[in-house]
Amino acid sequence: MEIYAKVIINNNSSYTDNFFTYKIPNHLLDEVEIGHRILVPFGRSNKPIEAFVFDITNEKGEYDTKEIMDVLDQEPILRKSDINLIKWMKEEYICTFIEAIECICPKGFRVDTYKVIKLINDDAKELNEKERNLLNQIRKAKGSITLSKLKSKFDYSIDSIIKKMNQNNIIDIVWESKSIKNEKYIYTVKLNIPNEQIDDVIENLNKKRSFKQAQVMSFLRNNQNMAISDLIEALNVNRASIKSLEEKKFIKIEKINYYRKPTISYKVDKKDIILNEEQIYAVNLLKNSIYKEDKKPFLLHGVTGSGKTEIYLEIIDEMLRNGKDSIVLVPEISLTPQTIARFKNRFNDTIAVFHSKLSKGERHDEYRRVKEGNVKIVIGARSAIFAPCNNLGIVIIDEFHESSYKSDVSPKYNTIEVAKRLCKETNSILLLGSATPPIEEYYKCETGQYSKIELKNRANKNQMPEIQVVDMKEELNIGNKSIFSRALFDEISENLRNGNQTILFLNRRGYASFVSCRKCAYLFKCSNCDISLTYHKNTHSGKCHYCGYEVNIPKECPSCNSLYLKEFGIGTEKIQEEVKKYFPDARILRMDKDTTAKKGSHEDILNKFKNKEADILIGTQMISKGLDFPYVTLVGILSADMILNFPDFKSSEKTFQIISQVSGRAGRADLSGKVILQSYDVDHYSIQYAKNHDYKGFYNEEIKIRKIFNYKPFNSLMSIVVTGKNEKNVIKNIQKIYDGIVYLLRKRGIEDFEFILGPNPCPISKINMNYRWQILLKDLNIEIKLLKGIIKYICVQKRDAFLDSDINISIDTDPDSIL
DNA sequence: AGCACGCCGACT
DNA sequence: GTCGGCGTGCTC
């Protein structure tokens with residue numbers, strides 16, 4: 001019986017985004033398995049191309065089949081669960097198979113293909129001069145040479161000559177390929193002769209004037225298993241000498257795997273942690289569910305400082321004891337050496353770390369360490385959810401409300417949804433931890449989709465910090481125009497006197513949010529994006545925080561030549577200046593994207609602050625993540641309104657989250673903390689509930705509003721964004737998409753299209769010279785599967801035929817914001 | 001996508 | 001004739 005494989009071709013075209021059937025030749029029958037990366041001949045020229053086996057069957061299908069050429073890896077690269085995950089992702093996020101596969105397979109596996117010219121008839125007659133020259137070059141290369149090499153030997157084009165000689169059966173043109181795995185090996189050298197013979201060999205070598213080789217031999221006598229590279233460096237010999245020794249069988253060269261170890265060194269004090277009652281209860285709950293069938297995800301709701309990490313460590317330990325793997329996801333910005341050290345202190349080097357700063361090779365090494373079962377714990381940012389664990393036991397997603405868990409490139413997956421899917425597939429525990437769970441996720445505890453675990457107390461029994469809300473309108477009324485309220489000013493002074501530390505939080509970096517002319521209202525805008533430029537005083541320039549565009553701010557208005565240019569709004573740089581002005585003796589650190597651009601500067605700043613080398617830390621979001629500063633007793637939130645006034649349905653939630661997270665930085669150790677929260681809208685419910693540390697209260701209020709306005713979780717939203725350099729074309733294409741959706745819905749008897757908003761320009765209508773238009777699908781009363789199917793048909797399956805190639809389509813099936 | 005083929009105009 | 005530029009169509 002003939003056996004066939006259904007494969008996905010690694011070719012990012014919508015036309016090839018479906019299964020292709022290849023025959024498995026007899027000699028590969030035992031080797032090819034589902035999930036294998038294989039090589040298949042593709043297209044008219046049978047170019048070798050990488051493909052992934054999704055199914056093995058005896059059904060031939062309606063097409064003629066070609067044979068699989070080769071199997072590229074020993075072990076299948078995709079597991080059964082991966083294949084199911086890929087199929088699910090393709091449907092869920094409307095992407096191609098290959099896009100989903102690329103999430104799971106590390107880059108670094110690659111197949112290089114090239115054409116090779118081979119001589120098949122050496123005594124051809126009646127050749128002209130050019131043909132003879134060509135033939136001679138091929139002869140020089142022993143009858144076989146790559147096309148590109150051959151081309152480089154001539155200063156004129158040889159395409160037609162090759163074609164003609166191929167037709168005349170003088171040469172053959174074949175595709176060849178090389179599999180590149182981006183694996184690094186070390187070659188080590190050791191002696192291959194008994195010790196007694198060494199002296200003789202050295203003597204002989206010296207006689208033949210092979211001094212270098214003799215030197216190597218005598219060196220190896222005392223240093224077995226040297227890496228070749230070290231040997232070459234130590235003795236200043238060349239590779240040829242070593243190779244010659246190998247050929248004479250005096251030495252043996254061995255190839256061993258080498259894992260590039262990402263170097264992160266950071267130590268935290270190892271202290272024994274005794275869990276409190278709440279924590280013990282939580283850990284037991286988790287432990288008891290390990291071998292339960294049909295697990296519900298756990299939502300771990302614990303106030304800041306309630307010791308969620310200790311629970312993670314404890315349950316991971318239990319997993320290790322059960323021989324199971326753990327994946328711990330933390331937000332990218334929290335993936336600091338400090339965080340990693342906490343895990344390494346407990347589990348030593350049995351941890352693989354995935355983060356965005358790893359090189360391709362390093363990432364690949366970490367991937368292999370996991371795949372080969374050498375590590376049982378994976379810690380990383382969102383993409384670590386795809387780590388190739390062999391026996392997954394638990395996925396922990398810390399701070400799971402963080403927006404970085406949502407992918408911003410296609411496929412725009414939501415890590416939590418992927419994790420749910422993965423855990424279901426592998427019967428693993430999913431643990432979602434946060435002090436401020438997203439409203440729509442907390443709602444799932446009420447509907448019974450999640451089991452809730454609550455930690456109500458801080459682990460060190462400290463009180464939550466007192467939050468004092470200051471009305472900035474009132475400050476203005478009494479003539480205080482500074483950015484510090486009287487209360488905040490007093491508290492900072494007091495804190496400085498007592499030698500305690502202060503954190504000041506503001507959600508915007510730079511000096512001022514924008515620069516404009518007071519005479520003609522000219523506004524400095526990015527020339528690539530539809531965004532006003534943020535003023536940076538130290539460089540005296542306007543920077544675009546989207547594309548990095550930077551321009552000098554002149555003295556004169558470019559429009560009316562007046563001198564009335566002025567900056568408006570505040571950023572961290574301005575705060576720093578103001579603090580310097582009012583507290584000239586204070587030692588200040590600033591942490592934002594500008595001061596942490598250099599590698600390692602992030603840690604530098606945090607270490608300095610931790611070591612009390614500064615009194616005040618000014619920062620953006622960056623400072624709000626899981627950092628422990630024992631001497632911080634005061635946190636100032638300079639303007640809570642900046643987030644609140646964002647025109648988005650999640651802005652209240654985000655305000656509550658940020659206030660809670662930032663406040664949590666105050667009073668972590670033995671000192672009690674205080675928070676001053678400045679706002680113009682002090683009565684807003686998100687501020688009031690945050691002030692009282694009342695998540696439940698906030699949730700109850702917010703869920704009502706979500707219900708009234710039909711927002712998440714009561715309804716779903718989808719967005720289609722078309723971007724491109726040519727605005728007319730962008731509009732034309734998004735209109736086509738709109739028309740297509742309407743047309744296909746009409747065919748199914750749907751006549752009410754009010755739920756389709758747009759096409760409209762995106763709120764930020766241009767980024768990086770790309771115009772952006774969107775269609776929003778809201779209040780979806782129609783079946784979501786039908787709609788997804790239609791969008792998939794138009795934007796993926798028929799994309800190349802139906803839409804222009806110079807536009808980009810981005811589909812988000814569950815956007816977190818409508819911006 | 002990426003490749004090959006084929007049609008056409010330009011050039012020795 | 002023949003070179004190469006680009007448009008077209010297909011990929012198990």
Side-chain angles (χ1 to χ4, degrees), chain A residues 1-25 28-29 32 34 36-72 90 95-102 105 107 110-117 126-131 133-134 146-148 150-151 154-168 171-178 409-411 724 795-809:
Chain A
M1 188 167 48
E2 310 263 82
I3 306 288
Y4 301 92
K6 298 233 177 279
V7 308
I8 293 297
I9 300 291
N10 187 358
N11 186 347
N12 207 9
S13 156
S14 60
Y15 288 116
T16 51
D17 183 42
N18 43 43
F19 292 116
F20 284 72
T21 313
Y22 281 85
K23 185 179 174 315
I24 306 177
L28 290 177
L29 268 180
V32 180
I34 290 179
H36 254 130
R37 217 160 52 94
I38 57 168
L39 204 62
V40 294
F42 191 68
R44 229 191 308 228
S45 62
N46 286 330
K47 182 184 171 174
I49 195 162
E50 187 187 40
F52 297 86
V53 179
F54 270 58
D55 199 9
I56 292 174
T57 143
N58 49 28
E59 280 166 47
K60 183 168 178 277
E62 53 185 306
Y63 296 95
D64 286 340
T65 56
K66 295 176 183 174
E67 283 191 359
I68 292 173
M69 298 166 81
D70 207 354
V71 180
L72 290 170
K90 180 186 158 73
C95 63
T96 62
F97 275 114
I98 284 299
E99 280 174 321
I101 289 170
E102 274 178 356
C105 288
K107 311 266 182 336
R110 227 177 63 228
V111 178
D112 249 18
T113 53
Y114 41 86
K115 276 182 171 173
V116 177
I117 309 298
E126 290 167 36
L127 294 179
N128 64 31
E129 196 194 335
K130 281 186 174 180
E131 288 168 341
N133 286 340
L134 195 88
T146 67
L147 181 59
S148 57
L150 189 60
K151 275 187 177 176
F154 297 90
D155 51 6
Y156 51 87
S157 167
I158 54 171
D159 287 358
S160 53
I161 309 169
I162 289 175
K163 200 177 160 191
K164 194 177 158 202
M165 289 172 77
N166 182 36
Q167 277 166 1
N168 294 338
I171 55 167
D172 209 0
I173 309 167
V174 289
W175 278 100
E176 285 191 2
S177 65
K178 199 164 64 189
V409 289
S410 185
C795 299
V796 181
Q797 275 168 271
K798 291 287 169 222
R799 187 226 185 278
D800 291 349
F802 187 58
L803 302 164
D804 293 331
S805 59
D806 64 335
I807 54 117
N808 194 298
I809 309 170

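Each chain gets a letter, A, B and so on, in the order the sequences are listed, and its residues count up from 1.
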Side chain of [X] only, heavy atoms from C-beta on: which candidate in [options] is closest?
| X | options | answer |
| --- | --- | --- |
| A:T16 | B:dC3, C:dC12, C:dT11 | C:dT11 |
| A:R44 | B:dC3, C:dC12, B:dC5 | B:dC5 |
| A:W175 | C:dC12, B:dA1, B:dA4 | B:dA4 |
| A:F42 | B:dA4, B:dC3, C:dC12 | C:dC12 |
| A:S160 | C:dC12, C:dC3, B:dG2 | C:dC3 |

I want to check one thing: is the phosphate of [N], taken as OP1 and OP2, less than 4.0 Å away from some side-chain N or O of [X]?
| X | N | answer |
| --- | --- | --- |
| A:S157 | C:dG4 | yes |
| A:Y15 | C:dT11 | no |
| A:S45 | B:dC3 | no |

Between [N] ([atom2]) and [X] ([atom1]): distance, integer Å:
| X | N | atom1 | atom2 | answer |
| --- | --- | --- | --- | --- |
| A:N18 | C:dC10 | CG | P | 15 Å |
| A:L803 | B:dA1 | CG | P | 12 Å |
| A:Y63 | C:dC12 | OH | P | 10 Å |
| A:I38 | C:dC12 | CD1 | P | 13 Å |
| A:E67 | C:dC12 | CD | C1' | 13 Å |
| A:K151 | C:dG4 | NZ | P | 10 Å |
| A:I98 | B:dA1 | CD1 | P | 14 Å |
| A:I161 | C:dT2 | CD1 | P | 12 Å |

* Using a heavy-atom cut-off of under 4.0 Å over every strand shown, decide if A:Y4 touches base, sugar-phosphate, or nothing. =>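 The residue A:Y4 makes no contact with any strand.
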* Indicate, with a heavy-atom threshold strictly under 4.0 Å, whether A:D64 touches base, sugar-phosphate, or nothing. => sugar-phosphate
* Between A:F54 and A:F19, is the gap from one ring center to the other below 6.0 Å? -> yes
* **Ring centroid separation A:F42 to A:F20 under 6.0 Å** => yes
* Asked: Mapping A:K115 and A:D800 onto DNA chain B by nearest heavy atom, which one lands closer to the 5' end?
  -> A:D800
* Asked: Are any side-chain N or O atoms of A:R799 and backbone N or O atoms of A:D804, one a donor and one an acceptor, separated by less than 3.5 Å?
  ->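 Here the side-chain-to-backbone pair exists.
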* To do: Compute whether any side-chain donor of one residue and acceptor of the other, for A:T65 and A:K23, lie under 3.5 angstrom apart.
  => no
* Asked: Should A:K164 and A:E131 count as an ion pair when the cut-off is N to O under 4.0 Å?
  ->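 Looking at A:E131 together with A:K164, the answer is yes, because their closest N to O distance falls below 4.0 Å.
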